[in-house]
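Only this structure's heavy atoms are used, side chains among them; waters, hydrogens and symmetry mates stay out. Nothing here was measured: the structure is a model prediction, and the numbers come from that model. Naming: A, B, ... by sequence-line order, numbering from 1 per chain.
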4 protein chains.
Amino acid sequence: MTTGVWLIGARGSVAVTSMVGATALRAGLAEPLGCVTELPALASRAVPGLGELVFGGHDISDITLEKKVEDLVAAGVLPAGPAAAVADQLPALQRELRPVPTAATQLEVARLIAEDIDDFRRRRGLERVVVVNVSSTEPAAAPHPAHSDLASLEEALASSGVVLPPSSLYAYAAFTAGCAYVDFTPSTGTRLPALRELASQTGLPYAGHDGKTGETLVKSVLAPMFAMRNLRVRTWAGTNLLGGGDGANLADPAANAAKAGSKQRVLAETLGYQPQGSSHIEYVDDIGDFKTAWDLITFSGFLGTRMRMEFSWHGCDSALAAPLILDLARLTAAAHAAGRSGPLTDLAFFFKDPIGEVPHALPDQWARLVNFVRGLDGAA
Amino acid sequence: MTTGVWLIGARGSVAVTSMVGATALRAGLAEPLGCVTELPALASRAVPGLGELVFGGHDISDITLEKKVEDLVAAGVLPAGPAAAVADQLPALQRELRPVPTAATQLEVARLIAEDIDDFRRRRGLERVVVVNVSSTEPAAAPHPAHSDLASLEEALASSGVVLPPSSLYAYAAFTAGCAYVDFTPSTGTRLPALRELASQTGLPYAGHDGKTGETLVKSVLAPMFAMRNLRVRTWAGTNLLGGGDGANLADPAANAAKAGSKQRVLAETLGYQPQGSSHIEYVDDIGDFKTAWDLITFSGFLGTRMRMEFSWHGCDSALAAPLILDLARLTAAAHAAGRSGPLTDLAFFFKDPIGEVPHALPDQWARLVNFVRGLDGAA
Amino acid sequence: MTTGVWLIGARGSVAVTSMVGATALRAGLAEPLGCVTELPALASRAVPGLGELVFGGHDISDITLEKKVEDLVAAGVLPAGPAAAVADQLPALQRELRPVPTAATQLEVARLIAEDIDDFRRRRGLERVVVVNVSSTEPAAAPHPAHSDLASLEEALASSGVVLPPSSLYAYAAFTAGCAYVDFTPSTGTRLPALRELASQTGLPYAGHDGKTGETLVKSVLAPMFAMRNLRVRTWAGTNLLGGGDGANLADPAANAAKAGSKQRVLAETLGYQPQGSSHIEYVDDIGDFKTAWDLITFSGFLGTRMRMEFSWHGCDSALAAPLILDLARLTAAAHAAGRSGPLTDLAFFFKDPIGEVPHALPDQWARLVNFVRGLDGAA
Amino acid sequence: MTTGVWLIGARGSVAVTSMVGATALRAGLAEPLGCVTELPALASRAVPGLGELVFGGHDISDITLEKKVEDLVAAGVLPAGPAAAVADQLPALQRELRPVPTAATQLEVARLIAEDIDDFRRRRGLERVVVVNVSSTEPAAAPHPAHSDLASLEEALASSGVVLPPSSLYAYAAFTAGCAYVDFTPSTGTRLPALRELASQTGLPYAGHDGKTGETLVKSVLAPMFAMRNLRVRTWAGTNLLGGGDGANLADPAANAAKAGSKQRVLAETLGYQPQGSSHIEYVDDIGDFKTAWDLITFSGFLGTRMRMEFSWHGCDSALAAPLILDLARLTAAAHAAGRSGPLTDLAFFFKDPIGEVPHALPDQWARLVNFVRGLDGAA
């Protein structure tokens, strides 16, 4: 079941780590660490294999893959050995990357995007393509009356103004091209009634938002621990220091606010109340891709005794995200193949801000994911 | 359903915090934080209420409860307000405490222990009594041929030598008195074939070992997180600094070894392999009951990228343990009432080193606990 | 040498901890921990004893000392024992506290402030009074042309507008009352040419700014360590979580900016360059007076090898500040007695943002402090 | 002033990092980070330049420098770029490395060692040679009556038994060869009366013990900070996790004890009392050369208020040690040239367990070092 993975932001750190990593894994150069779908508990006939993924994508940058890989090796994100071993395959990967089209109207841009994807699918003989957004976080989108239904949206897109933020225009283009859509960022993406209407009309599945790779992942197991032991969390305050492209982008207060909000949601959802404290994001260029997060948790136990916990997390964001991109592409493709449509709420395991009324505790999300995969297998 | 809680080590920090705390909760002086059985998910008709618990116990120390409470308030373990409010009930509590009996043979000591417990049950009109071991950790017991079956054991106990360590002699006495037995310490307790034979013969339930109150609790949610994300834990090394009675005792290398072993077991069980590193325990008198644990976890992700996490936990051991003593007494009493016998493996949620082939991941233990309580309700 | 200590913000946590603490120390109820002038290396005939300090002050709040002490005991800032032991002296302390005067012009307010201080000095028969600002941090003051010289200032003060921020109006009043002035906050205080002209004219000493009690104290020894070892600090980023009155105040972005700036200055001054990263302050009511600061330091060593250090500091701000208030009052009084005037740059040891071209490394500041005290002794 | 640096343990991580690093610095491939003698404050005509150092040494291992450099690059200790750039100079470096001689008596072994060093000096036309011990930590040496004076020692060495541990035999050989001796390890080295007699007789200087590279370095600035602020340190407990050759060696309890003792000495010396807690060392192979140390410090301030600090240090031991080896060789050579003999107590800045009655606070040690260098310049 050859499956296309069309990456928005295809020359960024996460995308390139995904493509190079998949190539290296296929060549047996490393164990599939970080790949959830490779765990025995999720083994499935219905899910396409790592070797069946074919990559393409759009990017506004024109950095070469050679240069990007060199940068990622220097930054310690990609190990030198596997990177060198797959160097000869970079030109072929690069030939499937396209610049973001421009046109007089957003409708025309969407048509050109869909055309690029469709061309990719036909040329490579793919059964289906999953579009995955791994571009930089956008500021919250300006509301627009045309967001509320599909007819108004299509009419507005045909005019010359900006109606949709890029993440949503891509979702629109993906659906019109008959592709499933995954949003790994906190951007708007499919979160507009008009787009959900389109997904429903076209019978396509989608997933999101905001990949859960570090501090929030830890929160999603620690917060349930406090809840299960009836310990009252009073304060949960954290700081995230990160550099790299995403870091610079999040230093923008608007983008930052979106992200910081989605990072605290897990607490209210798993504890049943919102502790004091917030999640602060600070851009420090020197930190690069190796994000350092520090959290302080104060809590009360028996008779009100006050206690505390601190943790610090030093994780390589791209290395944590890249295998999840592969997982999401594979699972979403399998869901598409099985005829699933609408929001894939069973993929909440992967997201900071999952769609729908879903559990936020990681173990509950895991249980749903295991069931989901079994369901696909049953259908296959 | 009035239920007796017979505490071994009844004048120690954990026991006194349990008794004073239960008294304060009953009087509405504090919320039942830390009490797992008070969570809505575990609400049950089958489980005796906090108000139905009656306390007694043995101790080799003769410190008065007044003095012990004063010490616990000074150390910040018990809050001054509730402690003062229940001061007038300390004499009544103290009247139910007994010195550990002495006699020429261990069989005779066991008989005297059982007599004390039986007298407590009759005088207070209790439906049943749960014996809970919260005394200091013992060194590993010397093997003895009489441990292997009940007949040999009873014969050997009648001689003048030392056959059983105290925790096991208490288990023997509890079973002969018709009481369920809970071991909150890593000591030998019921872990001898002869005692399991006795439990089976008498149809009594038991639970253990070693209450999970701090670092191991955190491990039991973090280790599954790494496993669910297919991240390879390379090193998990930790240090525990603690003072207080238990700290001094654990400074003894023999007791320390027992504890440190049970603290790492969760890793092998939830990860499927044993990472490098060990769990070190150091006695620091000044730290008192507020244990500080620090753990370093190094792990590998996608393509082998190396990452790390550190946490420090600053918890009041007695305040974390005391509500679990109340939970265990209530749940074990309910199991006894429902006719359950043998090891209560569904109580693994509470223990570092649970009996039986049980899950070590906290969420799985929680799921079993919820089912267990529902089962008791069905039986009630 | 009876010395008055006139506290601005006299009912706040720091002031009350200072007054209650001095009273308890005088009564021999505790060792003088935290009091730098009590160290043998600073023993001096020229410095007034703890027993020679007499307290008074202004505050806009009218909370009683009894209530404030009760709050500080509940918050764990003041220990219950000493607080209870000096309870009978609170009414006498309280009788010396005055509301902040109001009037039609700032000149008139300053006159009334000076009158209060003068009245205190005469009634209590004090040789001199040191005015110490421990009130909340102000936002940066709006520039005003009258700040540049004393004549313009006094003319402008006589009009009805707001010319000086409170900290500077207090400095003006202190100097006109013949008193030395210490600014323990990052507020403007004496940092205006007109006020320095007045200090010079009146021959009075002053000191400041912003007491160094936690994270910056640690920085002032760690940054020189990196410099002495020729290690290049790349990032120094920190987060301060604090509650209490000062915390709420610092949540105001304007006040926060002043403070955060003064917290990073030590790095540029001791390293010779400014590393990346900033110092973030977040108000978390629950944390109260026990501030938690966390800092990440990344650095390069031999051949560029990248390394890192993290620290967290959990300090009680008022308990760290209060003894320094006593030190500063005693040292400034001794300087005044010895005829010193102008900025006391030798007191840089106590401040985050010391006046003048002074060392920022703590050991160098210590050496200057020791010399300063020896100089006073020589003069005495 | 060409100066020989004769390394004991010359194929170990520290020695090889020193030699490769000096070669790379000489070639202008990196800034001299970590090199203390390159700081402007220590600039001196009397101290030989980095370019004037010539390396040789002994090792019991026969690993090639090529292989060792490859391992150090893989471990992240040596950066790949500079390592590759100096690869062509490794054969020349290697030609100066010798196996440790063997013979029937220790006297004969010492003679052969001295011969190797002397041959190195003559062939390379060196003005002098400094012998530096960077081999693995030894267990504490067994006492021997011949340690007490030189005559007895030389007589005993001529017999067939083991009289001196290796570090001391090397010191003996160095002195007889007319060379200064530096001990960068906690081993016995010159710490025997007979050897000090020999140093005195030959008029040679020596320095030691145990390079201060990580946790103890931090202690030597934090402990004085607490002292200068009159804060009472109650507990200072730490854990060191490290792998690599030195780590494996320190897992041996005997070697560990020597090291752990020297790590706490700084506390008693700078605080004036010994806080509770100890310094624990644990070998974790996976950690490699990037040691992680974690320390907990609890302290009391004003009126006894209890506070705490934690730090973790993640440093590359070899990268921290290597530049200090270069510094010590250069400074000791300059001292030798200036006619200094006996213990160089002014080099305490570099050591965990410095010789003599010297300050243990880093800033005081720095001041002595600066004076020492100025003195050498005056003499030059």
Part of C:L42 lying under 4.5 Å from any heavy atom of chain D: neither

Heavy-atom proximity to chain C below 4.5 Å, by part of D:V77: backbone

Interface residue of largest heavy-atom contact number with chain C, from D:T292, D:D327, D:I297, D:V218, under 4.5 Å: D:V218

Gap between atom CZ of C:F290 and atom CZ of D:R306 - 0.5 Å precision: 10.5 Å

Interatomic distance, C:M309 atom CE to D:H314 atom NE2 [nearest 0.5 angstrom]: 13.5 Å

C:A30 to D:L303 - nearest heavy-atom pair and separation: CB-CD2, 4.1 Å

Report all side-chain donor-acceptor pairs from residues 358-368 of chain C shorter than 3.5 Å, counting only partners two or more places apart or in another chain.
| residue | atom | partner | partner atom | Å |
| --- | --- | --- | --- | --- |
| C:H360 | NE2 | C:R265 | NH2 | 3.4 |
| C:Q365 | OE1 | C:K212 | NZ | 2.6 |
| C:Q365 | NE2 | C:P359 | O | 2.8 |
| C:R368 | NE | C:D346 | OD1 | 3.0 |
| C:R368 | NH2 | C:T345 | OG1 | 3.4 |
| C:R368 | NH2 | C:D346 | OD1 | 3.1 |

Contacting region of D:P79 [heavy-atom separation from chain C under 4.5 Å]: side chain

Atom group of D:L369 that falls short of 4.5 Å from chain C, counting heavy atoms: neither

Part of D:A24 lying under 4.5 Å from any heavy atom of chain C: side chain

Segment of C:F349 engaging chain D (4.5 angstrom heavy-atom cut-off): both

Residue pair C:T305 / D:G76: nearest heavy atoms and the distance that separates them: CG2-O, 4.1 Å

Largest heavy-atom contact set with chain D, pairs under 4.5 Å, which of C:V36, C:L217, C:L29: C:L217

Separation between OG of D:S312 and CD of C:E310, rounded to the nearest 0.5 Å: 4.5 Å

Nearest heavy-atom neighbours spanning C:F302 and D:T17: CE2-O, 3.4 Å

Residue part contacting chain D, namely of C:A22, when any heavy atom lies under 4.5 Å: backbone

Region of D:A321 in contact with chain C, defined by heavy-atom distances below 4.5 Å: neither

Heavy-atom pair count under 4.5 Å with chain C, highest-scoring of D:C35, D:A41, D:A293, D:S318: D:C35

Nearest-0.5 Å distance, CG of residue C:D295 to CZ of residue D:F311: 14.0 Å

Interface moiety of D:L296 toward chain C, non-hydrogen atoms closer than 4.5 Å: neither

Per-residue contacts, residues 225-238 of chain C versus chain D, heavy atoms under 4.5 Å: C:M225, C:F226, C:A227, C:M228, C:R229, C:N230, C:L231, C:R232

